[in-house]
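Just so it is clear, the values below take in all heavy atoms, side chains as well, and ignore hydrogens, waters and symmetry mates.
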Amino acid sequence: MDKPCTLLVHFDKGSAAMANEIKADLEGSDVAAKVEAMKRAVMLLLNGETLPTLFITVVRYVLPSEDHTIQKLLLLYLEIIDKRDAAGRVLPEMILICQNLRNNLQHPNEYIRGVTLRFLCRLSEPEVLEPLVPSILENLEHRHHFIRRLASEQDASARRNAFLMLCLCGQERAVAYLFSNAERVTEWPDLLQMAAVDLIRKVCRSPNRADKGRYIKIIISLLSSPSTAVVYECAGALVSLSSAPTAVRAAANTYCQLLSSQSDNNVRLILLDRVNELRMAHRDVMVDVVMDVLRALSSPNLDVKRKVLDLVLDLLTPRNVEEVVLYLKKEVVKTQSGELEKGGEYRQMLVQAIHACAVEYPEVAGSVVHLLMDFLGDTNVAAAVDVVLFVREIIETNPKLRVSMIQRLSDTFYQIRASRVCSIALWILGEYSLSLSEVESAITTIKQCLGDLPLFTLSEEGETTDSSKPTQPMVNSVTVSSRRPVVLADGTYATQSAATEAISTPPVTAGSLASTLNLRSLILSGDFFLAAVVACTLTKLVLRLEEVQPSKAEANKACTGALLVMTSILQLGLSSYLPQPLDNDSYDRIVLCVRLLCNTGDDVRKIWLQSCRQSFAKMLAEKQFRETEEMKAKSQISHAQPDDLIDFYHLKSRRGMSQLELEDEVQDDLKAATGGFSKETDDANRLNRILQLTGFSDPVYAEAFVTVHHYDIVLDVTVINRTKETLQNLCLELATMGDLKLVDRPQNYTLAPESSKQIRANIKVSSTETGVIFGNIVYETSNVMERSVVVLNDIHIDIMDYISPATCADVTFRNMWAEFEWENKVAVNTVIQDEKEFLNHVIKSTNMKCLTPPSALDGECGFLAANLYAKSVFGEDALVNISIEKQVDGKLSGYIRIRSKTQGIALSLGDKITLKQKGGS
């Protein structure tokens, strides 16, 4: 049985032989042996051994010892042992130690006096403490600060401990002392200032209106303290005391100053969490400090930068957006120097932030879009993809920037190295090149990046064909070729070569040539999807050229050039030169483009030149609508009851009230009128979280209310004595399984007949893996000497308490899906027969967000594929892909695949889906 003690050390259970050895060592004269014996005795007592015969031995042989270590162990021993009998009376033998404690309090050695005083702080038996009061009071005037505790004391630790004692034993006197020294609080040592802040927090949980202003003045004066810990605590206390804009602004400025002065990344992350809490409650005030928050981007840590950017994006207003974007633009320029560690990832974050700013406030896009287009060829592919997606969206939503953006894209297209970026850039050129000069420039750019045609040459064996040495001399030509033998259909040999050749008037190098032929190199690497995109883009450009080009000959020439490109791609794909052949989808798409250029009808022309852009505009409008709806859903609308009282401060006397107090009155009235003081959770939700731990017929009934708050689980256990007897030494014993850790062990209680007791247990959580809490209630009665045990029902900690719906870009989702190594594949097994109903059921059961837009889920086709995403409080990402098909018999089949970076969340989420997918509650 565990006993309450300030020292908790694991030790194996003992035996009768060990108890006899301890007794023998204590009776001996060897000091070292006595020390080891006392240590073993303390450990045995902590592990539930009673050692009833040891007390007299300790009194006779240990109590008189002058050794400091033995005296310290003696005090630990006295703290652990039971000091009361079954009836609750102090044991008679405890009186034997009073004289020894009195002698220790009068001991000439300061250490003995000090440790004895600390031991007495943990005693709760008046019968033992009362005779010692005179000696305790004498020590208050001792010359050594280790012992004394006085108001006139100069030692910081002594003054702090004395003030804490006053707060615990006489809160009114502590408050009076604080008010009497209000003008000198700033001169107090930081330890005493922290104690004063804690006292104000405790007193103001039920604030007294008459003194609230005085407390706030003290807190504001402490904001200038040189101690960062005091300043941090004061900022939090100030916000809890007052919701006035002046107080919130002072707290926000304090947090921002600490952000700039502190170099520890963990401290910065905590400070950003505090600033975010202020943003959620007082956004209108926090928009004024957005530039101060941005200065935290100077931190080299990416987590700090990411949190700063997320926070700033939530504080954007028409007044500050230009200043914010200008600051972000400067940060983007800094990433070009190459001095920053992980500059590519930081640049990607900045691009995403600027993208978000431009989407919400399109008027700022023109100041940054041309700078960002310089990064289309970024070696960080993810950053380049973000840039081109930003360009695609801005060119649609900002028609005024279209001309300059198309020109800029044509000029920088050759720098692009990533296939996905090339595909999107080609789509932009095909859709938004509208004028004659733009269309011709786009076609020329594509042909230059493809190089000379054909893409490869084929010669019969015996013929001497060298691509690197053309028959006609070329000025400043550079040729890059590859050759290999192939077997023809008739069995003869031939040599196949793929050549990259260019002619330019100024001298060029092989490196500069390779940098301009980006499309050619990507297609020759086997990227036929990109080749199909090239064919589609050329088709759109030729069709539009036919509309804007007055000369039919020029249009026909462009059409012929486009057909030559497409046939060259088909020739390359159908040859055996590349290891992977041309896929069927790309083949069909390129052939379709060839047919369209040969014979185009008006309806087809309309589809290719108008419908694609209209679909993209519709997608952007739907995305904006979803984001607007999500913002409305997030905004919590509080309603006050019709009969709630409202105090009108205008009708009150303002005599003696400061401006901050007046503002606070206004804010309180507004909260009362809008329901701001309403509870965060209603009673119905609280009742749903109450778990019954014992049966109704058990002598002790227990139920627990489970509160999950990020990394902590709080169990508020109500224990009811249903018998007519007094239950003594009642203890709630808990144990955990999984990544759960019990912080402290509840102490023993005495429960009167038919009375109840509230017991609180704190548990730390380290991951989202499903955990179990189990245990029992142990108690004694006067009639039964043995201890009685009531086994408790297990408490299963649900993973749903740790994950919340989140959103991310499609590119980010795909990257994480490819990166995460843990996958849990769950087969669909449900009685639900509708695909969308099953999807909604999984979303509700897993507390995740569907990233697939509703438009993609419309229609009845018998198939459904959707992506779900959630994030845990520990920063873990949970990815889910649902792929289901409706069978002929009406049942659903398919798989639900879960991926995560850690094993725990993948397994726990899979178990949850398996349990819930059948349609159960």
Side-chain angles (χ1 to χ4, degrees), residues 332 335-336 338 343-345 347-348 350-352 354-355 368-396 401-433 438-452 455 480 500 502 504 508-541 562 565 569 586 616 809-811 814-815:
V332 172
T335 61
Q336 292 179 286
E345 295 182 39
R347 182 160 56 246
Q348 181 184 357
L350 291 171
V351 170
Q352 293 172 348
I354 295 174
H355 187 176
V368 292
V369 65
H370 294 93
L371 172 66
L372 295 183
M373 291 180 74
D374 290 336
F375 297 99
L376 287 173
D378 199 331
T379 54
N380 185 349
V381 178
V385 170
D386 287 332
V387 171
V388 77
L389 291 176
F390 171 66
V391 171
R392 186 181 67 176
E393 187 166 349
I394 295 303
I395 203 171
E396 170 62 31
L401 300 175
R402 184 192 62 79
V403 176
S404 60
M405 292 177 67
I406 285 294
Q407 181 62 41
R408 183 71 171 172
L409 183 59
S410 297
D411 294 340
T412 58
F413 184 83
Y414 72 92
Q415 300 176 357
I416 301 175
R417 291 291 167 266
S419 174
R420 176 168 170 77
V421 180
C422 278
S423 301
I424 300 174
L426 287 170
W427 185 88
I428 295 172
L429 289 175
E431 289 293 337
Y432 296 97
S433 297
E438 292 169 353
V439 173
E440 290 178 343
S441 175
I443 294 175
T444 302
T445 298
I446 294 174
K447 287 185 175 181
Q448 288 178 349
C449 293
L450 283 172
D452 288 345
L455 297 173
V480 181
T500 298
S504 58
V508 296
T509 62
S512 64
L513 177 68
S515 66
T516 58
L517 301 178
N518 52 348
L519 288 180
R520 188 184 190 95
S521 60
L522 289 171
I523 292 174
L524 287 177
S525 67
D527 191 346
F528 288 109
F529 176 81
L530 177 61
V533 175
V534 170
C536 293
T537 303
L538 288 174
T539 301
K540 291 179 184 178
L541 291 173
V565 171
I569 294 173
S586 299
F616 178 61
D810 292 340
V811 177
R814 285 193 291 269
N815 292 338

Checklist entry - Among all residues two or more places apart in sequence or in another chain, which pass the side-chain hydrogen bond (donor to acceptor under 3.5 Å, both in side chains) test with S586? => result D583
Checklist entry - Going through the checks in order, is the side chain to side chain contact (heavy atoms under 4.5 Å, CB included) test met by V565 and I446? => result CA-CA 10 Å; V565 171; I446 294 174; over 6 Å; no
Listed pairs under 3.5 Å, donor-acceptor, residues 421-431 side chains, sequence neighbours left out:
{"from": "S423", "atom 1": "OG", "to": "S419", "atom 2": "O", "distance (Å)": "3.0"}
{"from": "E431", "atom 1": "OE2", "to": "K540", "atom 2": "NZ", "distance (Å)": "2.6"}

Next on the checklist: Once salt bridge (Lys or Arg N to Asp or Glu O under 4.0 Å) is applied, what residue pairs with a partner in residues 440-451 remain, sequence neighbours excluded?
Outcome noted: none
Checklist outcome for this item: For L538 and A562, the nearest pair of non-hydrogen atoms, with its separation, is CB-CB, 4.1 Å
Next on the checklist: According to salt bridge (Lys or Arg N to Asp or Glu O under 4.0 Å), does anything in residues 523-539 pair up with another residue at least two apart or in another chain? List the pairs.
Outcome noted: none
Item to check | Nearest-0.5 Å distance, CD of residue E393 to CZ of residue F616 | outcome: 6.0 Å
Item to check | Between CZ on residue R392 and NE2 on residue H355, distance to nearest 0.5 Å | outcome: 9.0 Å
Checklist entry - Which residues pass the ring pair (Phe, Tyr, Trp, His ring centres under 6.0 Å) test with F529, sequence neighbours left out? => result none
Item to check | For A535, side-chain contact (heavy atoms from CB on, under 4.5 Å) partners two or more places apart | outcome: M566, I590, C593
Checklist outcome for this item: Hits for side-chain contact (heavy atoms from CB on, under 4.5 Å) against V381, two or more places apart or cross-chain, chain-then-number order -> V385, A418
Item to check | Euclidean distance, L519 CG relative to F413 CZ, rounded to 0.5 Å | outcome: 4.5 Å
Next on the checklist: Applying salt bridge (Lys or Arg N to Asp or Glu O under 4.0 Å), can you list everything that pairs with E345, at least two apart in sequence or on another chain?
Outcome noted: none
Checklist outcome for this item: Output for pair (Q407 CD, T412 OG1), nearest 0.5 Å, gives 10.0 Å
Next on the checklist: According to side-chain hydrogen bond (donor to acceptor under 3.5 Å, both in side chains), who are the partners of S404, at least two apart in sequence or on a separate chain?
Outcome noted: H370
Item to check | Close side-chain approach of V369 and M405, heavy atoms under 4.5 Å | outcome: yes
Checklist entry - Quick one: CD1 on I569 to CG on L524, what's the gap to the nearest 0.5 Å? => result 10.0 Å
Checklist outcome for this item: Scanning both residues in full, the closest heavy-atom pair of I354 with L372 reads CG2-CD1, 3.9 Å
Next on the checklist: Testing L409, V403, I395 one by one against Y432 for a side-chain contact (heavy atoms from CB on, under 4.5 Å), which residue passes?
Outcome noted: I395
Checklist entry - Which residue pairs pass the salt bridge (Lys or Arg N to Asp or Glu O under 4.0 Å) test when at least one of the two sits in residues 401-413, sequence neighbours left out? => result D374-R408, R402-E438
Checklist entry - Quick one: CG on L522 to CG on L530, what's the gap to the nearest 0.5 Å? => result 5.5 Å
